[in-house]
Protein chains: 2
Amino acid sequence: MNIHSFSFFLFLKKKNKIMSKIDKREEIIKTAMELIAEQGFHGTPMALLSEKAGVGAGTIYRYFENKDVLIKELYNEIDKKFKAFLMENYPHERPVRECFFYIGKCIIEYFINKPLDFRYTEQFHNSPYGIEFRRNKLINLTGEDYFCRILFEKGREQQVIKTIPLVIFFDLAFAPIIWAVRDHILGFVTLDEDLKMQIVSSCWDSVKM
Amino acid sequence: MNIHSFSFFLFLKKKNKIMSKIDKREEIIKTAMELIAEQGFHGTPMALLSEKAGVGAGTIYRYFENKDVLIKELYNEIDKKFKAFLMENYPHERPVRECFFYIGKCIIEYFINKPLDFRYTEQFHNSPYGIEFRRNKLINLTGEDYFCRILFEKGREQQVIKTIPLVIFFDLAFAPIIWAVRDHILGFVTLDEDLKMQIVSSCWDSVKM
DNA sequence: ACTTGAGGAATGAATATTCATTCCTTTTCC
DNA sequence: GGAAAAGGAATGAATATTCATTCCTCAAGT
């Protein structure tokens, strides 16, 4: 054993020490997100995932019952993180318009800085998993959607928001923002501070009374 | 041979006559769209497709080099049909605002009446195929996008449309419409004539000066 | 009018591949 | 030493694609 193989041995030792329970799960999640965001669900076989994550194929199944469960949990992770980000400084007591702008800017900031999270959620939403999910969400609003609904109702009461169904409010308010973020991430446009503001503002124009 | 088996024989004869070249291809396309729209790309194995289309497995490969090519050509078919619909009565010489409303209403009408086409294109756009496709489209605008671009430029000249990049114009103008159609098709909302008008009108509010 | 046979369309069983999942072995940790 | 974790080769089901064969049509020959 020469100096090189010895230090390699130490490296492995260290890596394994660090990579205990929590870290392996994290590693799998991180890698799965990267791969799926770039190649899609069906472009990321479990074998590839285990290889890139540096774990055995069987190990994945210690943490996730099967691929479907992995995919859904991955989505929940992102959703939870975004929700936390949104709620951190949410201006609960401020006027409707201000809350609206806050949400809009949060979406843009968060996902521009986490393009993988964005591409993952987009894939998820537009897959069989997503449809089922969306149905639940609309019927039984939770988390960030719940706040949006409160916002919508407050806006309707105060007559600052148009008389439209909640669902259409979501569409008018957030669809252009999401699409714009996608275009930014794919490199079709660059969202600077001015443009971000202009987009959120335009969305507000489309829902305000 | 009784009367029934004889007429059945004629029916087969006729069917075979009719089901020549063009018709087989049509049958494959139609069936593939139905299946994929409902089950997704990966929920429609070629064996199922050939069974439902009433053709041999090998026959599909006489018309389409492989599954990927089939998927892409299917998209082109839809795109072509929509383009034709949009152009049929396009009010070229009328004011920008009127053209905008025409396009918005066309999108809603067309896809509400062809939910399979809609679900197919949505799946396509949000898959690895779609990204590549979108890139080409934005760089080298053709068909309906070309008309939208002309509209945008005319609107900018006349100062009736905001000073924003073309891509963002697309996002503001069409994202909410597409999302609303999706919600209608999935049954989350019902778009009556009033609501359709209100949506297109709101989109106009968001891009107009 | 009837037969023959060439051309090519259609078929679907067989093949090759891909992939999620399992299972047994090795390693790590206490 | 033994339990828990990790590894990764082996498995078998699912799937796209191929290809040898059949079937159909129609034109030519008698």
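Not measured: the values here are computed from a predicted model.
Applying the side-chain hydrogen bond (donor to acceptor under 3.5 Å, both in side chains) test to every pair with at least one member in residues 51-61 of chain A, sequence neighbours left out, gives no pairs at all. The side-chain hydrogen bond (donor to acceptor under 3.5 Å, both in side chains) pairs that include a residue from residues 173-184 of chain A are A:Asp183-B:Arg134, where partners are two or more places apart or lie in different chains.
Annotation: side chain to side chain contact (heavy atoms under 4.5 Å, CB included) contacts of B:Gln123 (sequence neighbours excluded): B:Phe41. Under the rule for a side chain to side chain contact (heavy atoms under 4.5 Å, CB included), the partners of B:Asp192 that lie at least two apart in sequence or sit in another chain are B:Asp194, B:Leu195.
Rounding to whole angstrom units, CG of residue A:Asp23 and C1' of D:dA6 are separated by 14 Å. Atom CZ of A:Phe64 and atom P of D:dA6 are 12 Å apart (whole Å).
Over its full length, the helix from C:dA1-D:dT30 to C:dC30-D:dG1 turns its helical axis through 0°, comparing axes from the five pairs at each end and rounding to 10°.
With respect to A:Glu193 and A:Lys196, a salt bridge is recorded, a charged nitrogen being found less than 4.0 Å from a carboxylate O. A salt bridge is absent between A:Lys30 and A:Asp23; no separation between the charged side-chain nitrogens and carboxylate oxygens falls under 4.0 Å. At a threshold of 4.0 Å, the pair A:Arg25-A:Glu73 counts as salt-bridged, since one of the basic side-chain nitrogens sits closer than that to a carboxylate oxygen.
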* Summary of protein contacts for nucleotides 11-23 of chain C, nucleotide by nucleotide, where a base hit scores B, a sugar-phosphate-only hit scores S (4.0 Å, heavy atoms) -> BB------SSBB-

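One finds no side-chain N or O of B:Tyr63 lying less than 4.0 angstrom from the OP1 or OP2 phosphate oxygen of C:dA9.
Residues A:Tyr129 and A:Asp68 bring a donor and an acceptor atom of their side chains to less than 3.5 Å of each other.
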